[in-house]
Amino acid sequence: MKIATWNVNSLKVRLPQVLDWLRDNPVDALCLQELKLDDDKFPLQAFVDAGYQAQWAGQKTYNGVAIVARQDCLDIQRNIPALDDHQRRIIAATLKCPAGDVRIVSAYCPNGQAVGSEKYAYKLSWYAALRDWLSDELARFPRLAVLGDYNVAPEDRDVHDPAKWEGEVLVSQPERDAFQRLLDLGLSDAFRQFPQEEKSFSWWDYRRFAFRRNAGLRIDHVLLSPALQPLCSACVIDKAPRGNEQPSDHAPVVATLDFGSAS
DNA sequence: ATGGTTGCGTAGCAA
C-alpha cells in the first residue's frame with residue numbers, strides 16, 4: 001500500500017498535474033492540501049474517472065484538504081473536534097483494507113506567517129489542539145498515518161541554509177517543540193526511518209530560483225503510529241512535479257506500507 | 001539590499 005501527501009496550492013490550477021501524477025504514481029491514497037476551492041467546486045468526477053474516490057473539506061481562497069483513495073473512506077472527520085475553527089485544515093478517514101483498516105489524516109498546519117505574529121500564536125495553539133486530538137485518534141485507531149504540510153522543518157538538516165533561517169518561522173524552536181510533541185505521542189517521521197540524500201526538501205519558494213538552487217525546506221511529512229511504522233518499507237520525496245511548468249511550490253511525499261501478501 | 005513569485009480575485013493579502 002502506498003500513501004502520499006501533496007500541497008497542491010490550488011486544486012483548480014493543479015488538477016491536470018495531480019491526475020498526471022496519479023497516473024504515473026498509482027498510490028492507494030493521496031492526501032491533498034491547499035485546495036483553495038469551495039466544497040461544491042471539488043472536481044470529484046475527474047478523480048472517479050481516474051479510478052479513485054474522494055472526501056474533502058473545502059474552503060474558498062484559503063486552505064482546504066482532501067483524501068483521494070482507491071478504497072472506501074469511512075468514519076469521515078472534518079476539522080479538529082475540540083477546535084472551534086472555520087479554517088478547513090483537517091480531514092480524516094478510515095480506509096477499508098483487506099489486511100486491516102488504516103486511519104488516514106490529511107493535515108494542513110498553519111503557516112504562522114512570522115514569529116510573534118497573531119498567525120504564529122494561532123499556529124502554536126492549533127498544534128496543541130492537533131496533539132490532543134491525535135492522542136485520541138491513536139487510542140481509537142492504532143494503525144494511524146498523519147500526512148500533510150506541517151509547515152515545520154524539524155531539524156537543521158531539513159533546512160537548506162540553517163544559519164540564515166535560524167529563529168525564522170517554519171524553523172523556530174517553539175514550532176519545532178510543537179512538532180516534537182506529535183512525535184512524543186509515539187508517531188514517527190517515516191522519511192527519517194531510511195537513509196536519504198543530504199539536502200532533501202519538500203518545499204521551495206517560488207522566488208529567486210529557489211528550486212533550481214535547491215534552496216528548500218522539508219516541511220511536508222508522513223507520521224506513522226507505532227503499529228504502522230514497522231510496516232513502512234520506504235519513504236521518498238518526488239521532486240519531479242516541482243520541475244513542471246506552473247508547479248506547486250511543494251513536492252509530493254510517498255510512503256510504502258507492506259501488509260504482507262494480502263496487500 | 002527587506003527584494004523576489006504565485007493564486008485568488010481584481011487590491012492587496014497569504015504563502
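Protein chains get the first letters and strands the later ones, always in sequence-line order, with residue 1 at the start of each. For clarity, every value in this text was computed on a predicted model and none was experimentally measured. Below, each value reflects all heavy atoms present in this structure, side chains not excepted, and no hydrogens, waters or symmetry copies.
- In this structure, the CD atom of Gln33(A) is 14 Å from the C1' atom of dA15(B), given to the nearest Å.
- Trp204(A) belongs to a hydrophobic cluster whose other members, connected by ILVMFWY side-chain contacts under 4.5 Å either directly or through intermediates, are Phe201(A), Phe211(A).
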Base-contact (B) and sugar-phosphate-only (S) positions in nucleotides 2-13 of chain B, heavy-atom cut-off under 4.0 Å, - elsewhere: --BBSSSS----

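- Atom CG in Asn7(A) sits about 9 Å away from atom C1' in dA15(B), given to the nearest Å.
- Heavy atoms only, all atoms of each residue included: Thr256(A) and Lys2(A) are closest at OG1-NZ, 3.1 Å.
- Sorted by first then second residue, the ring-ring contact (aromatic ring centres under 6.0 Å, His included) pairs that include residues 7-33 of chain A, not counting sequence neighbours, are Trp6(A)-Trp21(A).
- Between the C1' atoms of dT6(B) and dA11(B), the separation comes to 16 Å (whole Å).
- Applying the ring-ring contact (aromatic ring centres under 6.0 Å, His included) definition to pairs two or more places apart or across chains, none involves residues 67-104 of chain A.
- Comparing the C1' positions of dA14(B) and dG9(B) gives a spacing of 13 Å, expressed to the nearest Å.
- Connectivity analysis of hydrophobic side chains (ILVMFWY, heavy atoms under 4.5 Å, direct or indirect) links Tyr206(A) to nothing; its cluster partners are none.
- The same atom, P, is picked in dG3(B) and in dC13(B); the two are 13 Å apart, to the nearest Å.
- Using C1' as the reference atom, dG4(B) and dA15(B) are 13 Å apart when rounded to the nearest Å.
- Counting Ile, Leu, Val, Met, Phe, Trp and Tyr side chains that sit under 4.5 Å apart, directly or through other members, Leu138(A) shares a hydrophobic cluster with Ile80(A), Leu83(A), Ile90(A), Val105(A), Tyr122(A), Trp126(A), Tyr127(A), Leu130(A), Trp133(A), Leu134(A), Leu144(A), Val146(A), Tyr150(A), Val152(A), Phe179(A), Leu182(A), Leu183(A), Leu185(A), Leu187(A), Leu223(A).
- When the C1' atom of dA14(B) is taken as reference, atom CG of Asn63(A) falls 10 Å away, rounded to whole Å.
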